[in-house]
Amino acid sequence: MSNLMSWYQGRSLRERRLILVMLALLVVTILSAGVIRPVRDGLASSRERYATAVVRLGEVQREVAQVKAIQRARPSPIEGPLPDAIRTRADEAGFTLTTLEPDGNAVRIAIATAKPGALLGWIATLEADGLLVDATTITGNGDGTVSATMTLRGREA
């Protein structure tokens, strides 16, 4: 250390001032690069993560509200035999079932002729009432009507 002090004392006044300015700039650079910039970057990153978390929280809360609304509006299970419930609903909607075959816990039905809009509306009503459509095939008859085969299942409680 004494060698460094004697070296510094051996410099002219102007050189000593330049060395002091250089050391001050070195300290400022080290503080800026080693402390200030990482802290600023960390704060910016934290703000971004916080904003993302707030958005995700809002999305999750919205989805939870939707799930709760669905659970509140969930239809009750079908009472009585499933084929009878399907036949009753088809008769109420004005559809004539050409076939109605129970298949375990599902029922296969066929409708020979129906208006497309009325048929799709009826299917939506069935699903809202707790009857799920497992499979459906709808084909055009060429006269503005369609024929359909469906496999329906009751929603579990």
Side-chain angles (χ1 to χ4, degrees), residues 18-157:
L18 285 174
I19 291 172
L20 287 176
V21 169
M22 179 189 68
L23 289 175
L25 289 173
L26 179 65
V27 168
V28 168
T29 303
I30 289 173
L31 282 175
S32 174
V35 176
I36 296 171
R37 183 173 291 175
V39 169
R40 188 175 350 134
D41 292 345
L43 287 174
S45 174
S46 295
R47 285 185 191 111
E48 289 175 21
R49 286 194 323 264
Y50 175 75
T52 302
V54 167
V55 169
R56 284 182 40 217
L57 175 64
E59 290 172 352
V60 168
Q61 287 175 337
R62 180 180 46 84
E63 290 171 3
V64 166
Q66 288 175 344
V67 168
K68 287 182 179 180
I70 290 170
Q71 288 174 339
R72 282 191 302 267
R74 185 177 180 157
S76 60
I78 303 300
E79 295 182 15
L82 188 59
D84 293 343
I86 292 171
R87 184 180 307 281
T88 302
R89 284 177 171 78
D91 290 342
E92 289 171 355
F95 296 113
T96 304
L97 299 179
T98 55
T99 62
L100 187 134
E101 302 170 356
D103 182 24
N105 61 349
V107 175
R108 275 186 257 143
I109 64 168
I111 298 173
T113 181
K115 294 283 186 187
L119 178 65
L120 294 176
W122 182 62
I123 291 172
T125 304
L126 290 177
E127 294 226 341
D129 288 344
L131 290 169
L132 302 177
V133 178
D134 271 352
T136 185
T137 304
I138 300 174
T139 55
N141 290 335
D143 60 354
T145 63
V146 294
S147 62
T149 58
M150 292 184 269
T151 304
L152 302 169
R153 180 180 313 272
R155 180 177 284 144
E156 280 75 24

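Computed over heavy atoms, backbone and side chain alike; hydrogens, waters and symmetry mates excluded.
Among residues at least two apart or in separate chains, there is no ring pair (Phe, Tyr, Trp, His ring centres under 6.0 Å) pair with a member in residues 34-53. Pairs passing the ring pair (Phe, Tyr, Trp, His ring centres under 6.0 Å) check and including a residue from residues 134-153, sequence neighbours excluded, do not occur. Note on residues 123-142: no pairs pass ring pair (Phe, Tyr, Trp, His ring centres under 6.0 Å), not counting sequence neighbours. Residue pairs meeting the salt bridge (Lys or Arg N to Asp or Glu O under 4.0 Å) criterion with at least one partner in residues 27-53, sequence neighbours excluded, do not occur; the list is empty.
Every residue two or more places apart in sequence or in another chain that forms a side chain to side chain donor-acceptor pair (under 3.5 Å) with T145 is listed here: T113, N141, D143. Partners of D103 according to the side chain to side chain donor-acceptor pair (under 3.5 Å) rule, which considers only residues two or more places apart in sequence or in another chain, are R108. V133 is linked by a side chain to side chain contact (heavy atoms under 4.5 Å, CB included) to I123, E127, T136, L152, counting only residues two or more places apart in sequence or in another chain. Scanning for side chain to side chain donor-acceptor pair (under 3.5 Å) contacts around T139 gives S147, with sequence neighbours left out. Legend: residues meeting salt bridge (Lys or Arg N to Asp or Glu O under 4.0 Å) with D134, ordered by chain and number and at least two apart, are R153. When the side chain to side chain contact (heavy atoms under 4.5 Å, CB included) test is applied to A93, the partners found at least two apart in sequence or on another chain are F95, W122. Under the side chain to side chain contact (heavy atoms under 4.5 Å, CB included) criterion, A124 pairs with no residue at all, not counting sequence neighbours.
Residue L100 comes nearest to L97 through the heavy atom pair CD1-CD1, 3.4 Å, listed as atom of the first residue, atom of the second, then distance. Closest approach of P83 to P102, counting heavy atoms only: CG-CG, 3.8 Å. Nearest heavy atom pair, residue S32 against residue P38, reads O-CD, 4.2 Å. When all heavy atoms are compared, the tightest approach of G154 to L82 is N-CD2, 3.8 Å.
The line from CG of L119 to CE of M150 is 5.0 Å long, rounded to the nearest 0.5 Å. To the nearest 0.5 Å, the span separating OG1 on T149 from CD1 on I111 amounts to 9.5 Å. Atom CG of residue L20 and atom CG of residue L25 lie 11.0 Å apart, to the nearest 0.5 angstrom.
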Residues 55-64 side chain polar contacts: donor-acceptor under 3.5 Å, at least two apart:
none

Steps toward side-chain contact (heavy atoms from CB on, under 4.5 Å) verdict (R89, L131) = CA-CA 11 Å; R89 284 177 171 78; L131 290 169; 3.9 Å; yes
